[in-house]
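For reference, the structure discussed in these notes is given below.
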Amino acid sequence: MSKLEQLSGTVERIAFRNETTGYAVLMLRSGERAELQTLVGAAPIVEEGDWIEAEGRWETDPSWGRQFRASLLWNRP
């Protein structure tokens, strides 16, 4: 199993959130990259504009493409 990576940035958009489970799909502006990064995982209290930091792994979903699956996430509003 590969080691955990880190991703941080500003939440530009919440593409999806399940209010019951807290599972969310976040579009994140990270560093100097022009394109938004997709982050998925439990994020029940994150809002657009929050700065977040996450640990997890990059994966490629057959339907949704490259995304960062966060196993640990914290925010700094």
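FYI, side chains are in, hydrogens and waters are out, and symmetry mates aren't considered; it's all heavy atoms of this structure.
- When all heavy atoms are compared, the tightest approach of Phe68 to Glu5 is CZ-O, 3.5 Å.
- In the displayed structure, Leu72 atom CG is contacted under 6.0 Å by more than 12 heavy atoms of other residues, nucleotides or ligands.
- The shortest non-hydrogen separation linking Ala54 to Ala70 is CB-CB, 4.0 Å.
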| task | Decide yes or no on salt bridge (Lys or Arg N to Asp or Glu O under 4.0 Å) for Glu55 and Lys3, but give the supporting numbers first. | result | CA-CA 10 Å; Glu55 287 187 349; Lys3 75 177 202 175; over 6 Å; no
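- With rounding to the nearest 0.5 Å, the separation of CD in Glu48 from OG1 in Thr10 is 11.5 Å.
- Nearest heavy atom pair, residue Trp58 against residue Thr38, reads CZ3-O, 4.3 Å.
- Of all heavy-atom pairs between Val11 and Leu28, the closest is N-CD1, 3.8 Å.
- The two atoms that bring Leu73 and Ala42 nearest to each other are CB-O, 4.3 Å, heavy atoms only.
- Linking Ile, Leu, Val, Met, Phe, Trp and Tyr whenever their side-chain heavy atoms come within less than 4.5 Å leaves Val40 and Val46 in two separate clusters.
- Screening Arg66, Met27, Arg29, Glu12 for a side-chain contact (heavy atoms from CB on, under 4.5 Å) with Gln37, the sole residue that qualifies is Arg66.
- Between the CD atom of Gln67 and the CG atom of Leu39 there is a distance of 9.0 Å, given to the nearest 0.5 Å.
- Annotation: side chain of Leu26 is in contact with side chain of Ile52 (closest heavy-atom distance under 4.5 Å).
- Nearest heavy-atom pair across Glu47 and Ile14 is CA-CD1, 4.0 Å.
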